[in-house]
Amino acid sequence: MSGNGASVIIIGGGVTGLSAAWWLAREGVDVLVLEKGIVGWEASGRNGGGCTHYMSPLFEEEQRLWPQMDELLGYPTEYQRERIIFSVDSTQVTFYRRMIQGKMPPQFKWDELDARQVREAVPLAGDNAAGGVHLHFGGHANPQRTVQAYAFALQDLGGRILQHTAVTGLESEGGKIKAVLTTRGRFACDQLVVAAGPQCGGLLAMVGVDLPMAPARAEMIVTEPLPLMPLGGVDGNGLYGRQTLRGNLAYGGGPHEWLENVPAEGEPPRPSTPVLRNLARRLYELFPKAAHVRVIRSWAGVIENTPDGRPVLERLGSPENVTVATMSSVGFGLSPATGHAIRDLVMDGQCGFADLSTLKLDRFKDVPADWRRRQGWYQPGAEAGLELAA
Amino acid sequence: MTYPFFPLPDDQRPDFKSIAGKYKAPEKHAQLLVIGAGPAGIAAAIEGARAGVTVMLVDEHPISPALMGMDVPFQFGGRMDGSVQNQERMLEQVLGSNEELALAFELGVEIELSTYAWGAWIEAPGLHSLPCPIVGLANESRSWLVSFDRLVLATGARDLNLSFEGSDQPGVMGAQALHALLIRYDAFAGRRLVVIGSDELALKTALLAIARGLEVAAIIEAHSEPAGPADLLAALAAKGVELITRHVPLKARGNAEGVTGLTISAVDGSGTSREIACDTVCLALGVVPVVELLDVLGLKPVLDATRGGWIGKAGADGATDAPQIYVAGDCAGLGGDAVAQGKAASLAALRSLGREVEASSAAPAPAGPDVLAYRSFWMRTMLATGGRDVLACVCEEVTRGELLGVQPPRYLGWRWNAMGRRDLGTLAKDGPLNQDQVKRLTRACMGQCQARRCREQVAMLLEIESGAEAGSVPLAGYRAPVRPLPLATLADMEEHPDMGPGWDVWFGIPTQWIHFKDIGTEREREQLGENVHL
């Protein structure tokens with residue numbers, strides 16, 4: 001493996017890093033992705049696949065891009081437009097409506113559904129359905145397939161991915177990162193993008209930048225396939241997820257476990273737990289007509305959150321050739337737009353299509369070292385290294 | 001905004017939306033919990049009872065007809081007769097065929113039959129929230145949790161499947177399933193078998209079938225010489241059973257009731273084939289140690305080609321890398337003395353609990369034949385004769401060709417040129433092949449049989465195509481539930497009282513879902529107390 005590097009090095013072969021690399025490669029930029037394992041191996045490839053992030057400044061770009069992604073990438077993402085969210089609890093239905101009312105730009109249409117309309121639209125719903133909302137935008141995609149699509153499309157454009165390559169150090173000179181040191185040698189770069197999920201904090205600490213984040217494990221369950229509903233993007237009742245195009249029900253939600261710091265190399269442990277019974281209960285309540293459908297798998301992923309749960313997406317002032325992208329546990333759906341924003345930050349110094357001022361790192365400058373303890377973001381009895389996580 | 005970014009009432013600390021403190025006490029506790037009531041598991045349970053600890057022995061037999069139909073845990077191939085629907089008869093059969101079980105019961109062992117162990121958890125990196133070590137149990141109608149001090153896994157071995165054209169129809173089954181249907185259940189629906197393979201397992205299977213009054217039409221071996229011992233071969237020859245070497249199954253013919261005949265093909269490239277009338281094709285190319293729960297526990301199986309492939313990693317007394325977990329019997333490697341292993345594991349577990357019992361260890365099993373080389377030759381030969389249109393994964397209908405081309409599943413109807421330029425070779429350039437990655441791209445091993453019918457053959461196909469050494473591609477991982485369980489069965493209807501109120505779709509961080517234009521405004525403050533989101 002040569003140590004010759006690339007114009008832009010991206011640390012992290014998850015969905016954000018790969019999208020950014022693909023956007024840069026489309027511009028002809030010489031880009032190299034360093035991935036400590038396999039592309040999309042962690043939370044990027046194991047999540048609900050939702051593409052409906054109305055709270056984000058990247059929302060409109062997310063909605064613009066998803067319907068084109070299969071074509072742009074040349075590989076399937078399984079993106080399916082539209083989403084129904086319904087509940088078996090009328091209070092929750094009221095919340096759903098309140099969340100949307102007055103929040104969506106006028107071009108994004110949605111309808112209220114009463115209980116009967118839910119049952120008509122969702123064959124697996126039962127008599128307990130209370131009502132919901134039907135969004136004529138947003139939707140879902142297949143996480144693992146999408147990550148691989150970015151990776152393949154990137155390679156087709158001449159971009160490089162080095163898997164099984166963990167970063168061990170960052171070499172700086174004159175206020176810039178000059179090279180990335182890895183388990184497979186030294187790679188020089190003009191610009192660096194840190195898009196390494198739960199590893200972002202540790203990587204930035206190498207150059208004295210404090211990015212507070214806390215890793216946690218979240219879980220999902222998957223059933224055997226069953227006939228396709230007219231719309232696969234159906235969730236609610238405290239669950240996120242979808243019916244896949246194969247017919248499996250893949251749903252998550254509920255309690256997470258805050259973790260100690262994740263290892264810099266190798267795969268973080270990601271055991272599923274008995275919580276899958278609580279997930280099964282809520283899925284059974286959501287879809288009583290799927291009571292007999294068998295759960296055949298579970299997933300777990302390790303995901304990071306910043307102290308306010310919002311992304312940090314910024315070209316740093318110092319070192320000035322570093323762009324940071326942690327999506328704070330909500331990265332998959334936004335990835336087409338995030339990649340575009342990172343392309344802008346790297347090439348133009350600022351995002352040309354969205355206002356990212358709320359996603360700057362300096363909002364955490366007053367966060368105390370013991371913030372995880374103050375916020376209760378720890379598992380009692382497993383608090384070693386908690387302060388270091390700041 | 002200034003820190004803290006959102007209000008956190010004292011009564012919601014530590015994070016009320018996290019799992020902390022939300023496990024309800026398990027329904028029962030066993031000082032010694034044993035999974036699997038074969039010879040190893042029963043021996044372990046009996047030792048525990050004799051030492052005076054509380055012992056629970058769990059076994060999934062008699063299996064529900066629903067799971068049998070899904071080829072779980074053995075490849076039953078639809079050849080069970082109607083009597084498996086009669087739960088009482090099945091229970092009698094299981095008890096009647098297992099006298100040691102009665103002894104364990106008399107000694108006070110709590111025995112749970114028709115009960116699946118679908119998950120197991122101990123405190124480990126990435127999992128600190130458990131109040132105690134836990135096993136997830138279920139039958140067809142409900143699931144529950146049991147805690148333990150020590151767990152002995154004696155989960156045995158399952159069938160190895162190599163598919164061929166038509167092998168997804170009723171009548172193509174595994175040797176373990178045949179054994180269970182003949183001995184444990186007395187519920188086998190076939191009459192005339194072809195046995196595939198000629199090692200000790202295959203020859204004993206053929207002799208068992210004959211002893212039960214069935215007809216064995218032929219024994220098929222891909223190699224030029226049979227693999228099994230001479231005395232068994234002589235016994236079969238004396239019964240007039242034909243041994244056909246240098247042949248492999250090519251195609252099973254059948255009707256609505258399943259297999260009616262098997263076409264076998266010479267492996268010499270001549271293309272000559274032969275028809276054999278039969279109603280059952282019994283695959284007896286080997287068995288696979290059941291390491292599912294070990295993998296779920298985070299105890300990674302190790303590869304030992306002379307002990308059956310991927311097996312539980314353990315010392316002579318069955319101790320694993322986790323102090324609470326012991327293994328015994330076939331899941332710790334084939335060919336050992338199961339009773340001695342069960343006893344040794346149980347005694348070691350009891351000593352670790354402070355009981356004054358004798359020390360015991362099982363003599364290491366003699367190294368058996370290299371199963372990886374034997375199976376790999378079979379796979380290579382069947383790939384060469386059967387071609388790439390044969391299904392590698394039956395549940396997901398993925399052919400060998402689609403698998404090795406790393407193509408997206410057919411239902412996507414993806415016909416772009418870019419994908420056509422991708423195959424196993426291009427994927428291998430990016431790093432060592434990983435079955436879990438290929439699985440997600442092709443869906444091979446993603447089906448309802450939980451990859452029992454394809455995990456090993458998919459790995460072998462990947463190895464053969466890429467020129468990798470046998471056993472070098474790590475098998476796809478196992479995830480709970482390791483038995484396919486209905487949603488309504490798995491559902492916890494009596495959860496911890498905090499589970500519902502603390503439930504959130506995602507992390508429950510109020511600031512996470514505030515619209516970016518509301519951040520820092522009065523509207524944000526209004527919304528922070530609500531934390532509702534889609």
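No experiment lies behind these values; they were computed from the predicted model shown. Every chain is numbered from 1 and lettered A, B, ... according to where its sequence line falls, protein lines coming before strand lines.
Using a 4.5 Å cut-off between heavy atoms, Ala149(A) makes no contact with chain B at all. Heavy atoms of Pro57(A) lying under 4.5 Å from chain B belong to its backbone as well as its side chain. Contact of Pro225(A) with chain B is made through the side chain alone, with heavy-atom distances under 4.5 Å. Heavy atoms closer than 4.5 Å to chain A are found in both the backbone and the side chain of Asp436(B). Proximity to chain B (any heavy atom under 4.5 Å) is shown, for Glu35(A), by neither the backbone nor the side chain. Heavy-atom distances place no part of Arg410(B) under 4.5 Å from chain A, backbone and side chain included. Residue contact with chain A, scored on non-hydrogen atoms closer than 4.5 Å, involves the side chain of Leu8(B) exclusively. Heavy atoms closer than 4.5 Å to chain B are found in both the backbone and the side chain of Ser328(A). No part of Leu73(A) comes within reach of chain B, as not one of its non-hydrogen atoms sits under 4.5 angstrom from that chain. Using a 4.5 Å cut-off between heavy atoms, Asp156(A) touches chain B through backbone and side chain atoms alike. Residue contact with chain A, scored on non-hydrogen atoms closer than 4.5 Å, involves the backbone and the side chain of Glu396(B) alike. Using a 4.5 Å cut-off between heavy atoms, Ser272(A) contacts chain B through both its backbone and its side chain. For Met70(B), the part lying under 4.5 angstrom from a heavy atom of chain A is the side chain only. With a threshold of 4.5 angstrom between heavy atoms, Pro481(B) approaches chain A through its backbone and through its side chain. Using a 4.5 Å cut-off between heavy atoms, Leu412(B) contacts chain A through its side chain alone, with no backbone atom that close. In this structure, chain B has no heavy atom under 4.5 Å from any part of Asn142(A). Proximity to chain A (any heavy atom under 4.5 Å) is restricted, for Leu130(B), to the side chain, taken from C-beta onward. Both the backbone and the side chain of Ala290(A) come within less than 4.5 Å of a heavy atom in chain B. With a 4.5 angstrom heavy-atom cutoff, Cys449(B) does not touch chain A via any of its atoms.
The candidate with the highest count of non-hydrogen atom pairs below 4.5 Å against chain B, out of Thr306(A), Val275(A), Ile38(A), is Ile38(A). Chain B forms more heavy-atom pairs under 4.5 Å with one residue of Val330(A), Thr358(A), Asn278(A), Asp366(A) than with any other, namely Asn278(A). Of the listed residues (Arg363(A), Glu260(A), Gln92(A), Glu285(A)), the one with the most heavy-atom contacts under 4.5 Å to chain B is Glu260(A). Ranked by non-hydrogen atom pairs under 4.5 Å with chain B, the options His292(A), His164(A), Gln155(A), His53(A) are led by Gln155(A). Contact count against chain B (heavy-atom pairs under 4.5 Å) is highest for Val295(A) among Val295(A), Ile303(A), Leu283(A).
In this structure, a donor-acceptor pair under 3.5 Å is absent between the side chains of Asp430(B) and Gln163(A). No hydrogens or angles considered: nothing links the side chains of His256(A) and Asp504(B) as a donor-acceptor pair under 3.5 Å. Gln148(A) and Arg422(B) share no donor-acceptor pair across their side chains, judged by distance under 3.5 Å alone. No side-chain donor-acceptor contact under 3.5 Å links Thr223(A) and Gln448(B). A side-chain donor from one of Glu257(A) and Ser129(B) sits under 3.5 Å from a side-chain acceptor of the other. No donor-acceptor contact under 3.5 angstrom links the side chains of Tyr3(B) and Arg374(A), judged on distance only. In the model, Ser143(B) has a side-chain atom that pairs as donor or acceptor with a side-chain atom of Arg277(A) under 3.5 Å. A donor-acceptor contact closer than 3.5 angstrom is absent between the side chains of Gln144(A) and Gln437(B).
Annotation: cation-pi pair Arg479(B)/Trp299(A) absent, no NZ/CZ under 6.0 Å from the ring centroid and within 45° of its normal.
Of all the heavy atoms in Tyr23(B) and Pro274(A), the pair that sits closest is OH-CD, 3.7 Å. Nearest heavy-atom pair, Glu494(B) versus Arg281(A), reported as atom, atom and distance to 0.1 Å: N-NH1, 4.1 Å. Summarising the geometry of Pro486(B) relative to Ala291(A), their closest heavy-atom pair is CB-O, 3.7 Å, with the distance given to 0.1 Å.
Here CG of Leu58(A) is found 8.5 Å from CZ of Phe516(B). Values are rounded to the nearest 0.5 Å. In this structure, Gln375(A) CD and Ile509(B) CD1 are separated by 8.0 Å, a value rounded to the nearest 0.5 Å. With rounding to the nearest 0.5 angstrom, the CG atom of Leu259(A) is 10.5 Å from the OG atom of Ser18(B). The NZ atom of Lys17(B) sits 12.0 Å away from the CH2 atom of Trp377(A) when rounded to the nearest 0.5 Å. The line from CZ of Phe287(A) to CG of Leu487(B) is 10.0 Å long, rounded to the nearest 0.5 Å. Taken from OH in Tyr478(B) to OG in Ser298(A), the straight-line distance is 14.5 Å, to the nearest 0.5 Å.
Remark: side-chain polar atoms of Gln450(B) are paired, donor with acceptor, to backbone N or O of Ile296(A) under 3.5 angstrom. With Arg440(B) contributing its side chain and Arg145(A) its backbone, the two residues share no donor-acceptor pair below 3.5 Å.
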Exercise. Could you go step by step and tell me if Glu397(B) and Arg246(A) meet the salt bridge (Lys or Arg N to Asp or Glu O under 4.0 Å) rule?
Worked result: CA-CA 11 Å; Glu397(B) 298 183 350; Arg246(A) 170 70 176 104; over 6 Å; no
For this session: Take Thr511(B) and Met55(A) through the test side chain to side chain contact (heavy atoms under 4.5 Å, CB included) and record every step on the way to the result.
Result: CA-CA 10 Å; Thr511(B) 39; Met55(A) 74 293 181; over 6 Å; no
For this session: For the pair Leu239(A) and Trp503(B), evaluate side chain to side chain contact (heavy atoms under 4.5 Å, CB included) and give the outcome as yes or no after the intermediate values.
Result: CA-CA 10 Å; Leu239(A) 301 172; Trp503(B) 189 278; 4.0 Å; yes
For this session: Decide side chain to side chain contact (heavy atoms under 4.5 Å, CB included) for Ile19(B) and Thr273(A); before the verdict, give the C-alpha distance in whole Å, the side-chain angles of both, and the deciding distance to 0.1 Å.
Result: CA-CA 10 Å; Ile19(B) 185 63; Thr273(A) 71; 5.7 Å; no
Exercise. Should His515(B) and Ser56(A) be marked as a side chain to side chain contact (heavy atoms under 4.5 Å, CB included) after you check the CA-CA gap, both sets of side-chain angles, and the distance that decides it?
Worked result: CA-CA 6 Å; His515(B) 193 272; Ser56(A) 170; over 6 Å; no
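Residues Trp258(A) and Phe507(B) bring their aromatic ring centres within 6.0 Å. The aromatic ring centres of Phe364(A) and Phe5(B) sit less than 6.0 Å apart.
Of the listed residues (Arg270(A), Gln379(A), Arg217(A)), just one forms a side chain to side chain contact (heavy atoms under 4.5 Å, CB included) with Leu127(B), and that residue is Arg217(A).
Aromatic ring pairs are classed by plane angle as parallel below 30°, tilted from 30° to 60° and perpendicular above 60°; the pair Tyr240(A) and Trp506(B) is perpendicular.
Salt bridge Arg98(A)/Glu526(B): absent, no basic N to carboxylate O contact under 4.0 Å.
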